[in-house]
Amino acid sequence: QVQLVESGGRLVQAGGSLRLSCAASERAFSPAGMAWFRQAPGLERQFVAVINRSGTYTNYADSVKGRFTISRDNAKNTVYLQMNSLKPEDTADYYCAAGNSLRTGRSEYDYWGQGTRVTVSS
């Protein structure tokens, strides 16, 4: 069973930057889509960004467009989320997901990481 392991979450001040990483446990694992979702306390898990296998297609939630960038290194089986100009409302647990989809719905993804916490202080 493929495992996804996120890292990089921490406390950061508003306006700061963070880069999250998500590594897949198997080298041969190459899903069509790898995505990031986030879940703030008391709220549902929401789509943040997705990238295709070749890195030529990306899609972002409106709330992060222009501030977040998703990228992928297939040689390292890793997907990244570069987060700039962070706001307190970006505070959430961030989850990596993988599947044969490029859509924004949670049910489209078969594999999930355990999450990494990002806290943005004002």
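Sequential numbering from 1 along the given sequence is applied to the chain's residues. What you are looking at is a predicted structure, and each value in this text was computed from that prediction instead of being measured.
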Hey, is the main chain of [Y] close enough, under 3.5 Å, to the side chain of [X] for a donor-acceptor pair?
X     : Y     : value
Asn77 : Arg27 : yes
Arg72 : Asn52 : yes
Thr56 : Ser54 : no
Ser25 : Val2  : no

In the structure I gave you, are the side-chain heavy atoms of [X] and [Y] within less than 4.5 Å of one another anywhere?
X      : Y      : value
Arg67  : Tyr60  : no
Gln114 : Gln3   : no
Tyr94  : Cys22  : no
Ser63  : Arg38  : yes
Cys96  : Trp112 : no
Arg103 : Phe47  : no
Phe68  : Thr58  : no
Val118 : Asp90  : no

Practice task
Run through the side-chain heavy atoms of Ile, Leu, Val, Met, Phe, Trp and Tyr, join any pair under 4.5 Å, and report what else lands in Tyr80's cluster.
Solution key: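 Hydrophobic cluster check, Tyr80: no partners found.
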Practice task
Give the other cluster members for Leu11, using side-chain heavy-atom distances under 4.5 Å between Ile, Leu, Val, Met, Phe, Trp and Tyr residues; answer none if it is isolated.
Solution key: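 Besides Leu11, the cluster holds no residue at all.
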Exercise for the section: Answer yes or no: does atom CD of Glu26 have more than 12 heavy-atom neighbours from other residues, nucleotides or ligands under 6.0 Å? Expected result: yes
Handout entry: Gln82 atom CD, neighbour heavy-atom count above 12 within 6.0 Å
Key =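 Enclosed.
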Problem - Geometric cation-pi criterion, Arg45 with Tyr95: 6.0 Å, 45° - result: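 Yes; both conditions hold, so Arg45 lies above the ring face of Tyr95.
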Handout entry: Non-neighbouring partners of Glu89 that pass side chain to side chain contact (heavy atoms under 4.5 Å, CB included), sequence neighbours left out
Key =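 Only Lys87 meet the side chain to side chain contact (heavy atoms under 4.5 Å, CB included) criterion with Glu89.
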Exercise for the section: Check whether Leu4 and Tyr109 end up in the same hydrophobic cluster, where Ile, Leu, Val, Met, Phe, Trp and Tyr are linked by side-chain heavy atoms less than 4.5 Å apart. Expected result: no
Practice task
Decide yes or no on side chain to side chain contact (heavy atoms under 4.5 Å, CB included) for Leu20 and Glu6, but give the supporting numbers first.
Solution key: CA-CA 7 Å; Leu20 305 182; Glu6 303 98 333; over 6 Å; no
Problem - Ala14 versus Pro88, closest heavy-atom pair with distance - result: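 For Ala14 versus Pro88, the nearest heavy atoms are CB-CD, 4.1 Å.
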Exercise for the section: For side chain to side chain contact (heavy atoms under 4.5 Å, CB included), just list the numbers for Val50 and Glu108, CA-CA rounded to whole Å, side-chain angles, deciding distance to a tenth of an Å, and then say yes or no. Expected result: CA-CA 11 Å; Val50 64; Glu108 300 285 339; over 6 Å; no
Exercise for the section: Any chance you could lay out the side chain to side chain contact (heavy atoms under 4.5 Å, CB included) test for Thr116 and Ser7, step after step, and finish with the verdict? Expected result: CA-CA 6 Å; Thr116 186; Ser7 61; 5.6 Å; no
